[in-house]
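Quick notes on the structure that follows.
The structure displayed is predicted, hence computed values, not measured ones.
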Amino acid sequence: MKLIVLTGIPGSGSSTVLNKALEQVDYLHLNYGDIMTEIAIEEKIVDDRDALRKLPAETQKEIQKKAAARIKERSETSNVIVDTHCTISTPSGYLAGLPIWVLEALNPDTFVLVEANPDEIIVRRLSDETRSRDAETAASIQLHQEMNRAASMAYATLTGATVKIIFNHDNHLEHTVSKLVEVLK
């Protein structure tokens with residue numbers, strides 16, 4: 001069984017590409033944040049996902065560890081693709097989305113990064129009325145994608161996984177989906 005980690009910054013189209021690819025392959029799709037929320041609710045620590053980020057850091061780390069173990073367990077009987085953040089842009093800098101305790105528990109086979117041109121991401125974000133996002137420049141979007149590349153290679157060094165970058169350009173969704181499907185087969 002395979003365990004794939006899929007990431008992309010907001011507006012890269014990673015969710016759209018993933019959902020279309022899942023129509024063609026037999027993978028269990030797990031969102032890391034959803035699994036963390038599920039565990040925290042089961043343990044009666046929170047009532048909803050938004051409360052997770054308000055928990056003490058040590059509590060969040062414990063939930064992260066448990067989520068990684070649950071995901072790894074599911075990957076023993078099914079091909080699993082985990083949708084998560086490679087890095088998170090915070091006011092104080094970039095935060096690793098997959099700290100060592102998560103990587104050790106998951107031990108994924110492949111990291112897939114979905115990227116797009118910064119200008120495409122800006123337009124996508126502006127036209128997404130379902131979200132309220134901070135305005136970013138093309139340079140800051142490019143930097144975030146570069147940070148994801150650097151982090152994913154560090155993650156791969158620690159786990160022995162491969163890293164695949166898939167470009168999701170406007171009006172090329174079918175081609176992008178086919179590239180992801182190739183990786184998943």
Side-chain angles (χ1 to χ4, degrees), residues 2-25 27-36 49-50 53 71 79-99 102-103 106 108-185:
K2 290 185 181 178
L3 197 157
I4 310 294
V5 174
L6 180 119
T7 70
I9 69 168
S12 67
S14 58
S15 295
T16 301
V17 170
L18 174 57
N19 290 330
K20 288 287 189 186
L22 287 171
E23 295 172 5
Q24 301 177 42
V25 295
Y27 269 76
L28 175 61
H29 170 218
L30 301 174
N31 179 284
Y32 205 92
D34 289 348
I35 301 298
M36 286 182 62
R49 186 173 182 151
D50 290 329
R53 68 175 179 270
I71 291 165
N79 288 319
V80 171
I81 189 159
V82 181
D83 184 6
T84 192
H85 295 286
C86 189
T87 63
I88 300 114
S89 179
T90 74
S92 59
Y94 290 91
L95 178 66
L98 298 165
V102 170
L103 291 172
L106 284 179
D109 298 292
T110 304
F111 293 93
V112 177
L113 282 72
V114 176
E115 296 184 353
N117 292 331
D119 291 338
E120 292 172 319
I121 291 173
I122 289 170
V123 171
R124 291 173 190 169
R125 288 179 181 179
L126 289 173
S127 52
D128 182 359
E129 296 177 2
T130 66
R131 301 290 303 268
S132 176
R133 302 187 196 276
D134 296 334
E136 283 191 78
T137 64
S140 66
I141 289 169
Q142 185 61 36
L143 176 60
H144 195 165
Q145 290 188 131
E146 290 169 5
M147 293 300 289
N148 280 353
R149 285 182 176 201
S152 65
M153 285 309 301
Y155 300 157
T157 299
L158 294 169
T159 62
T162 57
V163 175
K164 178 70 173 176
I165 299 171
I166 297 175
F167 298 99
N168 182 29
H169 298 299
D170 288 343
N171 304 313
H172 292 92
L173 181 60
E174 189 174 312
H175 175 73
T176 306
V177 170
S178 71
K179 290 295 183 189
L180 179 56
V181 168
E182 284 176 28
V183 172
L184 298 178
K185 287 196 172 179

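By the 6.0 Å contact criterion, NZ on Lys20 is open, its count of non-hydrogen atoms from other residues, nucleotides or ligands being 12 or less. Other residues, nucleotides and ligands place no more than 12 heavy atoms under 6.0 Å from the NE2 atom of His175.
Note that CD1 of Ile122 and OG of Ser140 are 7.5 Å apart. Values are rounded to the nearest 0.5 Å. Put simply, OG on Ser12 and CG on Leu113 are 9.0 Å apart, with the number rounded to the nearest 0.5 Å. Taken from OG1 in Thr137 to CG in Leu143, the straight-line distance is 9.0 Å, to the nearest 0.5 Å. Of the inter-residue distances, the one linking Cys86 atom SG with Ile9 atom CD1 reads 11.0 Å to the nearest 0.5 angstrom.
Taking all atoms of both residues into account, the shortest heavy-atom contact from Tyr155 to Gly97 is OH-N, 3.2 Å. Minimum heavy-atom separation, Ala161 to Phe111: CB-CE1, 3.6 Å. Residues Ile121 and Ile141 come closest through the heavy atom pair CD1-CG2, 3.7 Å. The minimum heavy-atom distance between Thr7 and Thr84, with the atom names listed, is CG2-O, 3.4 Å. Scanning all heavy atoms of the two residues, the minimum distance from Val5 to Pro108 falls at CG2-CB, 3.8 Å. Residue Arg124 comes nearest to Asn168 through the heavy atom pair NH2-O, 2.8 Å, listed as atom of the first residue, atom of the second, then distance.
With sequence neighbours excluded, the residues satisfying side-chain contact (heavy atoms from CB on, under 4.5 Å) with Ser92 are Thr90. Legend: residues meeting side-chain contact (heavy atoms from CB on, under 4.5 Å) with Leu28, ordered by chain and number and at least two apart, are Leu30, Arg74, Ser78, Val80.
Panel note: side chain Asp109, backbone Thr162; no donor-acceptor pair is recorded below 3.5 Å. When atom types are taken as modelled, the side chain of Asn117 and the backbone of Asp119 share no donor-acceptor pair closer than 3.5 angstrom.
Using a 4.5 Å cut-off on side-chain heavy atoms (C-beta onward), Lys2 and Tyr27 make contact. A 4.5 Å side-chain heavy-atom check between Leu180 and Lys164 finds every atom pair outside the cut-off. Looking only at side-chain heavy atoms (C-beta outward), Glu23 and Val177 stay at 4.5 Å or farther from each other.
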Test His169 against Thr176 for side chain to side chain donor-acceptor pair (under 3.5 Å), laying out the working first.
CA-CA 8 Å; His169 298 299; Thr176 306; over 6 Å; no

